[in-house]
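Note that this is a predicted model, so its numbers are computed, not measured. In what follows, every chain begins at residue 1, and chains take the letters A, B, ... in the order their sequences are listed.
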2 protein chains.
Amino acid sequence: MEHRPLGTQDLICFALYSANNAMNRLYRPLLARLGLTYPQYLVLVSLWDRDGKTVGQLGEELGLESNTLTPLLKRMAEAGLVTRARSEADERVVTIALTDKANALKSEVADLVGCVFDATGLTLDEARRLRDDIFALRDAIEDRDPRG
Amino acid sequence: MEHRPLGTQDLICFALYSANNAMNRLYRPLLARLGLTYPQYLVLVSLWDRDGKTVGQLGEELGLESNTLTPLLKRMAEAGLVTRARSEADERVVTIALTDKANALKSEVADLVGCVFDATGLTLDEARRLRDDIFALRDAIEDRDPRG
DNA sequence: CATAAATAAATCGTGCACGATTTGATCGCA
DNA sequence: TGCGATCAAATCGTGCACGATTTATTTATG
């Protein structure tokens, strides 16, 4: 078993890292024109699917915790994109809802998704397969603690 | 052509984003025991392959610029992992070299790579293919400016 | 009912990434 | 030789991610 010294180009983690950075560089200027950052865009996509999620539910879906989401959502609220309200039933819970301003962005953002898909140069089937392989990788390494 | 409202789970960019976050969560505690962050680990891997790269060369390989690398390398220098020296031939250029302390980490880090590979649950061939598909995606979207 | 445990969100500090700009050295060209 | 263009790195401000902790509310248990 050969053990050639590994370089960055050999690592699947570096592939993810650099592809994710490249994706951000692609999205950033397009989203900036709409006054959005990439994680804020993900929050909108999530809430367009179903509005009125709690901070915890958003975190569950996006893989983030309140230490990231709370300040992010505060910025979005300040920008007039969402409202933040304590639940009446359970005062610990904060519910996030879209504003009209956020809903008005929906079509522009839909354009953007197609635009990014075109940039990948993949067929629809190829993109689906790669997406699902990457999700499977994520699920495999999640909640692992190898020799923690 | 159906246009079902898209959710986060449909987006290849979200697959990358969440898989990259998961990978970081896997690496973070393991690297923290060595006093490293993930980008710092990438710098070490790059320099173990060939020592004495300039800031620009590191940036070329890792897809980062001096605004990210300079403070990162300063922290690594403060931690005694690298040295930073202005080139004599060209005073604009800063050369980064590994210290003995950094070289001493090599074997521990090699263990870590195998450990992370195990966590993926992939065969070697599967991992190689996925890695190269992700690199290909990165290369496709890099330096694109769709309707910039 | 009291109070300890559990839970949801918020707070705090650190280290990236990156756009924009600045600093300082080198190059090109009249 | 002079001097503007170019180039490498550094600086600055913003917004994530995240570990660790705190605050406030609800639930569970004696």
All salt bridge (Lys or Arg N to Asp or Glu O under 4.0 Å) counterparts of Arg25(A), not counting sequence neighbours: Glu142(B)
Contact class for Leu69(B) vs. all strands (heavy atom < 4.0 Å): base, sugar-phosphate, or nothing? nothing
Rounding to 10 degrees, work out the angle separating the end axes of the helix from dC1(C)-dG30(D) to dA30(C)-dT1(D) (five pairs an end). 0°
Could you go over nucleotides 18-20 of chain C and give all protein N or O partners under 3.5 Å, atom names and distances?
from, atom 1, to, atom 2, distance (Å)
dC18(C), OP1, Asn21(A), O, 3.3
dC18(C), OP1, Arg25(A), NH1, 2.9
dC18(C), OP2, Arg25(A), NH1, 2.9
dG19(C), N7, Asn67(B), ND2, 2.8
dG19(C), O6, Asn67(B), ND2, 3.0

d(Ser18(B) OG, Leu11(B) CG) to nearest 0.5 Å is 10.0 Å
Is Glu126(B) close to Asp133(A) at the side-chain level, that is, under 4.5 Å between some pair of heavy atoms? no
When you compare the protein's N or O atoms with those of nucleotides 23-28 of chain D, which come within less than 3.5 Å of each other, and at what distance?
from, atom 1, to, atom 2, distance (Å)
dT26(D), OP1, Glu91(A), N, 3.1

Among all residues two or more places apart in sequence or in another chain, which pass the salt bridge (Lys or Arg N to Asp or Glu O under 4.0 Å) test with Asp125(B)? Arg128(B)
For residues 63-83 of chain B, which residue pairs qualify under ring-ring contact (aromatic ring centres under 6.0 Å, His included), counting only residues two or more places apart or in two chains? none
Separation of dA17(D) atom P from Leu26(B) atom CG, nearest Å, is 18 Å
Nearest whole angstrom, please: distance from the P of dA8(D) to the CG of Leu58(B). 14 Å
Under the ring-ring contact (aromatic ring centres under 6.0 Å, His included) definition, can you give me all pairs with a residue in residues 54-76 of chain A, not counting sequence neighbours? none
Using heavy atoms and a sub-4.0 Å distance, could you list which residues of residues 34-56 of chain B are near DNA chain C? By number, please. Thr37(B), Pro39(B), Gln40(B)
Side-chain donor-acceptor pairs under 3.5 Å in residues 34-53 of chain A, sequence neighbours left out?
from, atom 1, to, atom 2, distance (Å)
Thr37(A), OG1, Gln40(A), N, 3.4
Tyr38(A), OH, Cys13(B), O, 3.3
Tyr38(A), OH, Phe14(B), N, 3.4
Gln40(A), OE1, Thr37(A), N, 3.4
Tyr41(A), OH, Tyr27(A), OH, 3.3
Ser46(A), OG, Lys53(A), NZ, 2.8
Ser46(A), OG, Glu61(A), OE1, 2.9
Ser46(A), OG, Glu61(A), OE2, 3.4
Trp48(A), NE1, Asn103(A), OD1, 3.3
Asp51(A), OD1, Leu98(A), N, 3.0
Asp51(A), OD2, Leu98(A), N, 3.4
Lys53(A), NZ, Ser46(A), O, 2.9
Lys53(A), NZ, Glu61(A), OE1, 2.7

Rounded to the Å, how far apart are Lys74(B) NZ and dT14(C) C1'? 17 Å
Can you tell me how far CG of Leu130(A) sits from OG1 of Thr120(A), rounded to the nearest 0.5 angstrom? 9.0 Å
Return the CD to CG distance between Glu108(B) and Asp111(B), rounded to the nearest 0.5 Å. 7.5 Å
Side-chain donor-acceptor pairs under 3.5 Å in residues 71-79 of chain B, sequence neighbours left out?
none

Which residues satisfy the side chain to side chain contact (heavy atoms under 4.5 Å, CB included) test with Glu65(A), sequence neighbours excluded? Asn67(A)
Same cluster for Val93(A) and Leu58(A) if Ile/Leu/Val/Met/Phe/Trp/Tyr side chains link at under 4.5 Å? no
Side chain of Arg86(A) only, heavy atoms from C-beta on: which candidate in dC16(D), dT11(C), dA9(C) is closest? dA9(C)
With a 4.0 Å limit, can you tell me whether Tyr17(B) has a side-chain N or O closer than that to the phosphate oxygens OP1/OP2 of dA17(D)? yes
Can you check the Leu73(A) CG to dC16(D) P distance for me, whole Å? 9 Å
Could you tell me how far apart Leu31(B) (CG) and dG15(C) (P) are, to the nearest whole angstrom? 14 Å
Roughly, in whole Å, what's the span from CG in Leu62(A) to P in dC16(D)? 12 Å
Short side-chain N/O contact from Arg84(A) to OP1 or OP2 of dA10(C), under 4.0 Å: yes
With sequence neighbours excluded, residues passing salt bridge (Lys or Arg N to Asp or Glu O under 4.0 Å) with Arg92(B): Asp90(B)
Hey, what do you get for CG (Leu16(A)) to CE (Met23(A)), rounding to the nearest 0.5 Å? 11.5 Å
